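Written out below as structure tokens is the structure these notes cover.
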Amino acid sequence: MRKNIVAGNWKMNTTVPEGVQLAKDVCMAVAQTPGIKCQVILGVPFTHLTAVNQVIDKNYVMLAAENCADHDKGAYTGEVSAAMVASTGADFVILGHSERRGYYNETIDMLKTKVDLALEAGLKVIFCCGESLDERKAGTHFEVIKNEIVGSLFHLSADQMANVVIAYEPIWAIGTGETATSDQAQEIHAFIRSLLCEKYGQQVADDTTILYGGSCKPGNAPELFAKSDIDGGLIGGASLKCADFMGIVTAF
Ligand code: PEP
């Protein structure tokens, strides 16, 4: 059966010492809180991966990068390959975040390549998808999400899908303070699960973790996580304060 997950996405925040301290605080809080019902993951900048890996206990907290390159190695100055990410001790990589799609022109095809390289390197993938406000207003959100998932993931085998977590992140809810209602999120999560069922069958659909992301906070997480197809959250702003993040981790 699928796992509940709460994953932080620190984005371009914290220096290395600050990040190490935050990771230590989260790891200790998770270790000291009995009855946590989810896998906790910290998504941190490339520069932080090795240092954070050294201070977390994988019994409590796993580690994710926020991106990887769409080439395996070579003359790509400034890029970081999936194999390099894996060599830091990271377990996951977040791919397809709307900030990367929007600001760095990441396309569906490029993300397909990144997914392949990440899985080949032994990383698990947290694959983000979601519509803009204009797309939702135009009623094309289902189509947009379907295209992103089909285009970048549906070449994978059922076995490979076991290493993929999907995060639904409506762009209009990211960092805006505006959350999708739990019913809006559930509707999309159920739709994503139906796509998985059509392509891979009921077992894969039931086993795939689907996270919600977009202004998720301790105050709204319990209602979101209570929905049958919402298996946790990808958390931006609220993952930067240990107490807020723990308020979400304990929301199940
Ligand atoms: C995100 O960037 O993945 C995210 C969900 O951000 P926030 O929680 O700040 O809306």
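The shown structure was predicted, so the numbers you read here are calculated from the model rather than taken from an experiment. Every number for a ligand or one of its atoms is a count from 1 in the order of the listing.
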For K11 and ligand 1, answer yes if some heavy atom of the residue is under 4.0 Å from a ligand atom, otherwise no. yes

Mark the output for S239 as yes if a heavy-atom distance to ligand 1 is under 4.0 Å, and as no if none is. no

Note: I174, heavy atoms under 4.0 Å from ligand 1, region reported as both

Checking heavy atoms under 4.0 Å, the part of C128 that sits near ligand 1 is neither

Please say whether [X] places an N or O atom under 3.5 Å from an N or O atom belonging to ligand 1.
X: T176; result: no
X: G237; result: yes
X: G236; result: yes
X: G214; result: no

If the cut-off is 4.0 Å to any non-hydrogen atom of [X], which atoms of ligand 1 fall inside it?
X: G213; answer: 5 (C)
X: N9; answer: 1 (C), 2 (O), 3 (O)
X: A173; answer: 10 (O)
X: G175; answer: 7 (P), 9 (O), 10 (O)

Cluster membership besides F92, Ile/Leu/Val/Met/Phe/Trp/Tyr side chains within less than 4.5 angstrom, sorted by chain and number, is I5, I41, M62, I94, I126, V165, L211, L234

closest protein heavy atom to atom 3 (O) of ligand 1 is E169 OE2, 2.7 Å

Ranked by distance from atom 1 (C) of ligand 1, the top protein heavy atom is H97 NE2, 3.2 Å

Taking only Lys NZ, Arg NE, NH1 and NH2, and the carboxylate oxygens of Asp or Glu, determine whether [X] and [Y] approach each other closer than 4.0 Å.
X: E106; Y: K114; value: yes
X: E66; Y: K11; value: no
X: D206; Y: R193; value: no

Here the side chain to side chain donor-acceptor pair (under 3.5 Å) pairs for residues 240-252, sequence neighbours left out, are none

Q. Honestly curious: do V85 and L117 fall in one hydrophobic cluster under the side-chain, below-4.5 Å linking rule?
A. no

### Query
So, do F225 and Y212 have ring centers that fall under 6.0 Å from each other?
no

Next on the checklist: Could you go through E143 and N147, starting from their C-alpha distance and side-chain angles, then the distance that decides it, and tell me whether this counts as side chain to side chain donor-acceptor pair (under 3.5 Å)?
Outcome noted: CA-CA 6 Å; E143 197 183 315; N147 286 343; 4.6 Å; no

OG of S239 to CG of L22, rounded to nearest 0.5 Å, is 7.5 Å

